[in-house]
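To find a chain, count down the sequence lines: A is the first, B the second, and so on, and within it residues start at 1.
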Protein chains: 2
Amino acid sequence: MLIRTRIGVSLDGFVSTRDGRPAVLAMPGFDGGALYGFPEFQQTLGAVVMGRTTFEPALGAPRWPWGDLPVYVLTSHALPSGTPEHVVACTNGPADLVARLRAAKLDGDVHLVGGPLTIQAFLELGALDRLGLLLLPIVLGEGLPFAPHGTAPSAFELESEHRFPDGTLELVYSAAAG
Amino acid sequence: MLIRTRIGVSLDGFVSTRDGRPAVLAMPGFDGGALYGFPEFQQTLGAVVMGRTTFEPALGAPRWPWGDLPVYVLTSHALPSGTPEHVVACTNGPADLVARLRAAKLDGDVHLVGGPLTIQAFLELGALDRLGLLLLPIVLGEGLPFAPHGTAPSAFELESEHRFPDGTLELVYSAAAG
């Protein structure tokens with residue numbers, strides 16, 4: 001089981017547009033994610049993880065994005081009413097969440113959805129096994145930066161790359177040795 | 001003749017470190033640029049262009065980086081004494097500079113070195129024929145952002161990609177049609 005991101009990022013390093021929508025939605029001709037292999041990716045998963053800010057919009061969305069996958073939400077307080085039963089509120093911090101994921105005998109990988117602060121917490125714990133990016137061929141100019149202010153410098157190894165027809169690149173990195 | 005960038009950028013979108021050094025210098029094991037094909041790239045050039053902030057450190061550097069290539073510097077005032085004779089101060093703005101480059105019958109491409117504000121000016125004029133990035137497998141956390149605040153959103157087409165042994169990717173984009 002690997003904990004991995006797969007987050008759309010613009011050439012200038014933003015994961016969301018100015019109005020808070022995921023950067024991938026800013027791609028000309030965005031078709032719902034099938035182009036970027038999200039359905040196939042989801043089939044490799046045993047769980048998804050995200051911070052509360054990323055989770056809450058899904059509660060009001062017309063379609064639940066994660067099927068019957070267990071959803072772990074990193075939060076400092078209880079989740080709102082209406083939250084489905086298979087959503088787990090994790091209120092003891094990221095290290096405790098990582099320990100729960102490692103112990104859960106999940107049948108597949110863990111998709112760390114975001115947002116940037118949650119990804120950063122996993123990076124700092126050394127718990128992000130794969131940093132996966134969808135590098136979108138767009139410049140956004142502003143939005144939510146991929147790396148929150150104060151992120152420590154770090155180096156990675158490029159594990160794989162894949163080019164989608166529209167020029168988006170899927171890049172998968174692991175933490176560099178040493 | 002194409003006007004093109006070839007600028008090192010971190011995964012989080014910074015072209016320089018916090019202390020102002022080019023991002024590529026933050027790569028573990030950086031060897032002076034030979035790894036990334038800078039010498040071969042330079043042989044394809046007919047001129048280099050940069051803003052004054054990028055130019056001035058070169059005046060005090062132990063080695064002049066651009067051989068005998070013509071160097072055009074976008075600046076609002078005269079260049080300091082000690083500036084070599086083949087350096088041209090361009091004080092009439094980026095549009096005038098672009099017209100001069102197009103008229104100069106250069107024997108090769110133009111390397112738009114930077115910085116970000118100068119690149120942005122060329123982008124806004126539709127004068128950047130190729131947006132070339134060296135995508136470095138590092139996160140910097142802070143530094144000079146590739147896209148200055150207020151950059152207009154824009155889309156690109158991926159023209160080519162090349163992987164260097166250390167996982168750095170050379171990505172060349174052109175402006176998307178329409």
- Among residues 112-145 of chain B, which residues come closer than 4.5 Å to chain A, judged by heavy atom distances? B/Leu131, B/Leu133, B/Leu135, B/Pro137, B/Ile138, B/Val139, B/Leu140, B/Gly141, B/Glu142

- For residues 54-74 of chain A, the side-chain hydrogen bond (donor to acceptor under 3.5 Å, both in side chains) pairs (sequence neighbours left out) are A/Arg52-A/Glu56

- Item | Same cluster (ILVMFWY, side-chain, under 4.5 Å), B/Tyr36 and B/Val172 | no

- If you group Ile, Leu, Val, Met, Phe, Trp and Tyr by side-chain heavy-atom gaps below 4.5 Å, do A/Val87 and A/Leu97 land in one group? no

- Message: Quick test of your reading: applying side-chain hydrogen bond (donor to acceptor under 3.5 Å, both in side chains), list the pairs with at least one residue in residues 7-17 of chain B, sequence neighbours left out, ordered by first then second residue.
- Response: B/Ser10-B/Asp12, B/Thr17-B/Asp19

- Query: Got a second to check how far A/Leu158's CG is from B/Phe164's CZ, nearest 0.5 Å?
  - Reply: 13.0 Å

- Name the region of A/Ala152, side chain, backbone, both or neither, that has any atom closer than 4.5 Å to a heavy atom of chain B. backbone

- Query: Taking all non-hydrogen atoms of both residues, which atom of B/Phe146 and which atom of A/Leu11 are closest, and how far apart?
  - Reply: CD2-O, 3.8 Å

- Quick one: which of B/Met27, B/Glu159, B/Arg18, B/Arg163 has the most heavy-atom pairs under 4.5 Å with chain A, could you say? B/Arg163

- Query: Among A/Pro148, A/Ser154, A/Gly13, A/Ala26, who wins on heavy-atom pairs under 4.5 Å with chain B?
  - Reply: A/Ser154

- Could you state whether B/Leu74 and B/Leu106 fall into the same hydrophobic cluster, counting links through intermediate Ile, Leu, Val, Met, Phe, Trp or Tyr residues with side-chain heavy atoms under 4.5 angstrom apart? yes

- Item | Distance in Å, A/Phe14 CZ paired with B/Thr151 OG1, rounded so as to fall on 0.5 Å steps | 8.0 Å

- Mind checking ring pair (Phe, Tyr, Trp, His ring centres under 6.0 Å) for A/Phe41 and listing every partner two or more places apart, or none if nothing turns up? A/His111

- Message: At a heavy-atom distance under 4.5 Å, which candidate from B/Val9, B/Leu169, B/Leu171 has the highest pair count against chain A?
- Response: B/Leu169

- Hydrophobic cluster membership, A/Leu59 vs A/Val48, 4.5 Å side-chain cutoff: yes

- Item | hydrophobic_cluster_shared for B/Val15 and B/Val24, side chain cutoff 4.5 Å | no

